[in-house]
Amino acid sequence: MMDPTAARVLAVPARADVERRDADLKKVAKQLEGVFVQQLFKAMRETVPQEEGIVSGGAGEEIFTSLMDEHLAAETPNQWNGGLGEALYRQLRSYAAPSTATASPTPLDTTVP
């Protein structure tokens with residue numbers, strides 16, 4: 001039979017694992033924030049009337065503006081402090097908290113009766 005103290009030690013992840021997980025969560029939260037901003041830019045651009053300028057750019061203009069929106073969406077969250085990415089990170093971190101042998105079920109445990 002295993003000592004209860006030893007079981008708790010085995011269940012707690014190493015500090016390096018926790019730091020790597022946190023870094024991965026921050027990266028994913030920033031990516032999700034970038035996707036959100038990209039969709040926001042796309043929706044905003046759809047509200048601008050097309051074909052009303054002196055020169056119509058056609059397919060080339062559409063590709064350029066799409067690529068520009070993608071670039072801006074990746075850079076915009078870096079200018080925000082405590083924005084959506086930070087909130088996503090905190091929420092994801094609470095779900096991925098390290099468990100112990102005596103821990104209660106986490107919000108990820110969804111059992112259907």
### Message
Whether D17 and R20 form a salt bridge (side-chain N of Lys/Arg under 4.0 Å from carboxylate O of Asp/Glu) is what I want to check.
### Response
yes
Looking at every heavy atom in both [X] and [Y], which two are closest together, and how far apart are they?
X	Y	answer
L88	E33	CD1-N, 4.4 Å
G85	A29	O-CB, 3.3 Å
R93	L25	CA-CD1, 3.7 Å
L72	F41	CB-CE1, 3.5 Å

Atom pair [atom1]/[atom2] of [X] and [Y] - distance to nearest 0.5 Å:
X	Y	atom1	atom2	answer
K30	E86	NZ	CD	8.0 Å
L84	Y89	CG	OH	15.5 Å
D22	K26	CG	NZ	6.5 Å
R45	T65	CZ	OG1	5.0 Å
L40	T76	CG	OG1	9.0 Å

### Query
M44, F36: one ILVMFWY side-chain cluster at the under-4.5 Å cut-off?
yes
### Message
Keeping Q38 on the side-chain end and A73 on the backbone end, is there a donor-acceptor pair under 3.5 Å?
### Response
no
